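Worksheet: the structure to be examined is printed underneath.
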Amino acid sequence: VYIKSFPTFLSRERESANNNTANTMAPCEVSATCKATPETIWNTVFEPMKWESWDPDLNEVKDVSTDGCEEGTTCIFAMKDGSNIPITLSNVEKNKSVDFKGSVAGGIIRAEGKVLITSVDASTSKIDYSFALLGFVGSLVAMIKKKEVVGGTQGGLDNMVKLSEEAQK
């Protein structure tokens, strides 16, 4: 009975994933202040696509569809674990924000992230970064490997800050 019902379950999961309604968990959210302007942060970690310089889980960004970090840009995140995740950028506002979404295995593993950069004063900015693994399998991975997800998100933020502060000098 379990084996017969599993394909039906996967079909329902894919349908729910397409509607963004199933198996969602709260994202990991981290924030930091940075002694750099929003322009320096953007040019250091996002433009052109330099994500592998700050994301500790990312080996390489491949097959980028545009010259930079732009609305609708598509690419492949080649992860250090060997997986390749097709990614699409949205809500891109230069020097301010970018969202990224991707999925594999018919949507049962989804990744979503957001970066928001706000100016605090003439030389300081705040970076808010959130990341979530979603979908049936993604949510399970997020629960089982919560420490790694939180560590990777915090590590990404820490690297954004470090690289941007070095570039601001």
Side-chain angles (χ1 to χ4, degrees), residues 1-31 41-42 45-94 96-117 127-160 163:
V1 173
Y2 172 75
I3 293 172
K4 286 183 180 179
S5 65
F6 191 67
T8 302
F9 169 78
L10 284 178
S11 176
R12 283 194 310 263
E13 173 59 27
R14 281 189 199 107
E15 181 180 329
S16 296
N18 291 335
N19 294 329
N20 291 323
T21 59
N23 303 310
T24 58
M25 296 181 66
C28 177
E29 298 177 338
V30 292
S31 296
I41 295 167
W42 190 266
V45 298
F46 295 113
E47 189 75 35
M49 299 285 282
K50 300 177 190 174
W51 297 50
E52 65 272 12
S53 69
W54 59 266
D55 187 323
D57 299 313
L58 187 58
N59 234 5
E60 173 185 15
V61 178
K62 304 188 299 187
D63 302 330
V64 180
S65 65
T66 62
D67 289 334
C69 187
E70 301 171 8
E71 184 72 25
T73 295
T74 59
C75 61
I76 304 290
F77 280 5
M79 307 305 290
K80 289 185 177 173
D81 68 5
S83 62
N84 289 305
I85 305 171
I87 296 290
T88 301
L89 304 184
S90 62
N91 299 316
V92 178
E93 195 171 343
K94 188 174 181 166
K96 293 184 180 180
S97 66
V98 60
D99 295 355
F100 60 95
K101 288 184 179 184
S103 68
V104 293
I108 62 172
I109 302 172
R110 298 189 326 267
E112 295 183 9
K114 297 175 185 270
V115 178
L116 178 65
I117 305 166
I127 305 172
D128 295 304
Y129 178 38
S130 68
F131 177 78
L133 285 174
L134 308 166
F136 176 69
V137 175
S139 293
L140 289 175
V141 170
M143 287 189 304
I144 293 167
K145 297 200 170 235
K146 182 177 182 178
K147 183 177 179 182
E148 289 86 349
V149 172
V150 171
T153 306
Q154 184 64 56
L157 176 68
D158 293 346
N159 290 337
M160 282 188 246
L163 292 166

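Here the structure is a predicted model, which is why all the values come from computation and not from measurement.
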Check [X] against [Y] and note the closest heavy-atom contact, atom names and distance.
{"X": "Ser130", "Y": "Glu29", "value": "CB-CG, 3.7 Å"}
{"X": "Val64", "Y": "Val61", "value": "CG2-CG1, 3.5 Å"}
{"X": "Gly72", "Y": "Ser65", "value": "O-OG, 4.3 Å"}
{"X": "Val150", "Y": "Cys28", "value": "CA-SG, 3.8 Å"}
{"X": "Ser53", "Y": "Leu163", "value": "O-CD1, 3.4 Å"}
{"X": "Val104", "Y": "Asn84", "value": "CG1-O, 3.6 Å"}

- Message: Treating Glu93 as the side-chain partner and Val98 as the backbone partner, does any N or O pair qualify as donor plus acceptor under 3.5 Å?
- Response: no

- Task: Give, for atom CG of Leu58 and atom CE of Met79, the distance between the pair rounded to the nearest 0.5 Å.
- Result: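 Nearest 0.5 Å value for the CG-CE distance: 5.5 Å.
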
- Point-to-point distance, once rounded to the nearest 0.5 Å, from CG of Asp63 to CD1 of Ile87: 12.5 Å

- Heavy-atom distance under 4.5 Å between the side chains of Met160 and Val115, does that happen here?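 In contact.
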
- Of all pairs that satisfy ring-ring contact (aromatic ring centres under 6.0 Å, His included), the ones with a partner from residues 50-72, not counting sequence neighbours: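 The answer is Phe46-Trp51, Phe46-Trp54, Trp51-Trp54, Trp51-Phe77, Trp51-Phe100, Trp54-Tyr129.
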
- Pair Asp57 + Lys80: basic N to acidic O under 4.0 Å: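 Here Asp57 does not pair with Lys80 in a salt bridge, since their nearest N and O are not under 4.0 Å apart.
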
- Can Cys75 and Lys62 be said to form a side-chain contact (heavy atoms from CB on, under 4.5 Å), step by step? CA-CA 6 Å; Cys75 61; Lys62 304 188 299 187; over 6 Å; no

